Amino acid sequence: MSAHPTLLEPSFFNRDPRKVARALLGKLLVRKAARGILAGRIVETEAYLGENDDAAHAVAGKTARNFVVFGPPGFAYVYFVYGNHYCLNVSCLPDGIAGCVLFRALEPVAGIEEMAEARGFEIHGPDDLRRVSWLRQIASGPGRLCEALGITRERDNAKNLASSRSDLRIMEDGYRVRQVAVTPRVGISKSAAHPLRYLIAGNPFVTGSKIPSPHVQGAGD
DNA sequence: TTATAGATTGCCT
DNA sequence: GGCAATCTATAAT
């Protein structure tokens, strides 16, 4: 089923952010830490277009904060928000053209205990690692996944996510996404209506207070 | 179970 | 000075 993970090519990111956001679902975000591998499967993303997207940081033009979004594809744009949290994006489109994808939620795959500790959780017993309601607190949310993988602006901004020399990478293991859902983006006020949030339909690790039902059909109640 | 407010830093106007 | 691509605790139902 799952093949040995391979690195994504830089060309994977050299296209429209909407395409990249869709294609990233099911891929792995991997942190190579001193003590071992931390990894999560990408289950939710958002596309941020270029200078025509009022909700994108790129709308203000290139600044010291957002320059990575204007650079070559496949690089990490990490920003600090609300005084508390980091958010991770990957740049898209060729050098000189703005565009990126925000990582919004991961399903923990490897190094789960380390990630939980990084989030300040206490592991009460082995049962915790089997409970989805507990596991989904680890990386379901853009700020949470950064904390789980130890992602900060200082450490990771402008890092190449498509390089084998990087300790933060995006990889492919042959996982097949069955169905993708598309909704408006979260937490923005401008251009809020556009359907640019992508998630794996039915996956319990997407953001939101409710665990989605495994069967998406029949919205009768 | 859902709704609301507070935290807290740095970027942009 | 205002506000942000969020999370958590606390309150209300």
Side-chain angles (χ1 to χ4, degrees), chain A residues 13 16-18 20-22 24-25 29 40 42-71 75-93 98-108 115-122 131-158 161 168 170 181-199 204-213 221:
Chain A
F13 305 99
D16 187 292
R18 286 167 288 204
V20 177
R22 164 69 180 77
L24 277 174
L25 295 176
L29 180 61
I42 299 162
V43 299
E44 179 177 336
T45 59
E46 281 178 2
Y48 285 86
L49 313 182
E51 297 173 74
N52 296 325
D53 182 355
D54 287 335
H57 291 174
V59 72
K62 191 194 283 190
T63 68
R65 179 203 195 193
N66 68 15
F67 71 94
V68 175
V69 166
F70 290 81
F75 285 76
Y77 167 45
V78 183
Y79 64 88
F80 188 68
V81 73
Y82 294 116
N84 294 309
H85 305 288
Y86 292 96
C87 292
L88 172 69
N89 303 252
V90 60
S91 60
C92 301
L93 298 169
C100 66
V101 171
L102 170 69
F103 294 74
R104 285 195 52 86
L106 303 177
E107 174 177 344
M115 291 192 285
E117 284 175 20
R119 292 270 293 121
F121 296 174
E122 288 190 12
R131 283 170 43 220
V132 170
S133 59
W134 186 84
L135 289 171
R136 66 191 302 280
Q137 308 296 320
I138 294 175
S140 293
R144 291 172 173 181
L145 72 89
C146 283
E147 188 171 37
L149 293 179
I151 294 168
T152 67
R153 175 178 171 83
E154 295 71 26
R155 182 178 178 188
D156 298 304
N157 192 49
L161 299 180
L168 189 65
I170 302 173
V182 185
T183 79
R185 294 175 292 188
V186 174
I188 59 173
S189 50
K190 301 165 190 167
S191 300
H194 299 111
L196 294 172
R197 171 174 173 247
Y198 299 80
L199 29 81
F205 293 90
V206 301
T207 62
S209 57
K210 283 184 179 172
I211 296 177
S213 97
D221 54 284

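In what follows, every chain begins at residue 1, and chains take the letters A, B, ... in the order their sequences are listed. Keep in mind that this is a model prediction, so the values were computed, not measured. Both backbone and side-chain heavy atoms feed into the values below; hydrogens, waters and symmetry mates do not.
- A:Arg119 contributes a side-chain N or O that, together with a main-chain N or O of A:Gln137, makes up a donor-acceptor pair within less than 3.5 Å.
- In this structure, the nucleotide among C:dT8, B:dT13, C:dA5 sitting nearest to the side chain of A:Arg144 is C:dT8.
- Looking only at distances, no side-chain donor or acceptor of A:Asp53 sits under 3.5 Å from a matching main-chain atom of A:Val59.
- Atom P of B:dA3 sits at a distance of 22 Å from the matching atom of C:dA5, rounded to the whole Å.
- In this structure a side-chain-to-backbone donor-acceptor pair under 3.5 Å is present from A:Ser91 to A:Phe75.
- Under the 3.5 Å distance criterion, the side-chain polar atoms of A:Arg136 are matched with a main-chain donor or acceptor of A:Pro204.
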Worksheet item: So what's the dot-bracket for DNA chain C: Watson-Crick or G-U pairs under 3.5 Å, [ ] if a pair crosses, | if it pairs off-strand?
Response: ||||.|||||||.

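- Heavy atoms of A:Asn89 sit under 4.0 angstrom from at least one base atom.
- Rounded to whole Å, atom C1' of C:dT6 lies 13 Å from atom CD of A:Glu44.
- We find that OH of A:Tyr77 is positioned 11 Å from C1' of B:dG10, with the value rounded to whole Å.
- Between A:Arg185 and C:dT6, a side-chain N or O to OP1/OP2 separation shorter than 4.0 Å is absent.
- Taking atom OH of A:Tyr82 as the reference point, atom P of C:dT8 lies 14 Å away to the nearest angstrom.
- With hydrogens and angles ignored, the 3.5 Å screen pairs a side-chain donor or acceptor of A:Asn66 with a backbone N or O of A:His57.
- What separates CZ of A:Arg119 from P of C:dT6 is a distance of 14 Å, to the nearest Å.
- Rounding to the nearest 0.5 angstrom, the gap separating the CD atom in A:Glu46 from the CZ atom in A:Arg197 is 7.0 Å.
- As rounded to whole Å, 15 Å separates atom C1' of C:dA4 from atom OH of A:Tyr86.
- Interface remark: the A:Tyr79 side chain does form a donor-acceptor pair with the C:dA5 base, using a distance-only criterion of under 3.5 Å.
- For the OP1/OP2 pair of B:dC11 and a distance below 4.0 Å, the side-chain nitrogens and oxygens of A:His57 include no atom meeting the criterion.
- Look at A:Arg197 and you won't find any side-chain N or O under 4.0 angstrom from OP1 or OP2 of C:dA5.
- Across the protein-nucleic acid pair, A:Glu147 atom CD and C:dC7 atom P stand 10 Å apart, rounded to whole Å.
- Remark: A:Glu154 CD is packed, more than 12 non-hydrogen atoms of other residues, nucleotides or ligands lying under 6.0 Å away.
- When rounded to the nearest whole Å, the span between CG of A:Asn157 and P of B:dC11 equals 11 Å.
- Between the side chain of A:Glu107 and the backbone N or O of A:Val43 there is no donor-acceptor pair closer than 3.5 Å.
- Note on A:Thr63: every side-chain N or O is 4.0 Å or more away from OP1 and OP2 of B:dC11.
- If you take CZ of A:Phe103 and C1' of C:dT6, they are 18 Å apart, rounded to a whole angstrom.
- Residues A:Arg153 and A:His85 both approach DNA chain B. Their nearest nucleotides, taken by heavy-atom distance, put A:His85 toward the 5′ side.
- Contact check, A:Arg104 against C:dT6: a side-chain N or O comes under 4.0 Å of OP1 or OP2.
- With DNA chain B read from its 5' end, the first of the two nearest nucleotides for A:Glu154 and A:Asn84 is the one closest to A:Asn84.
- Stacking here means ring centres nearer than 5.5 Å and ring planes tilted less than 30 degrees, and by that measure A:Phe80 does not stack onto B:dG10.
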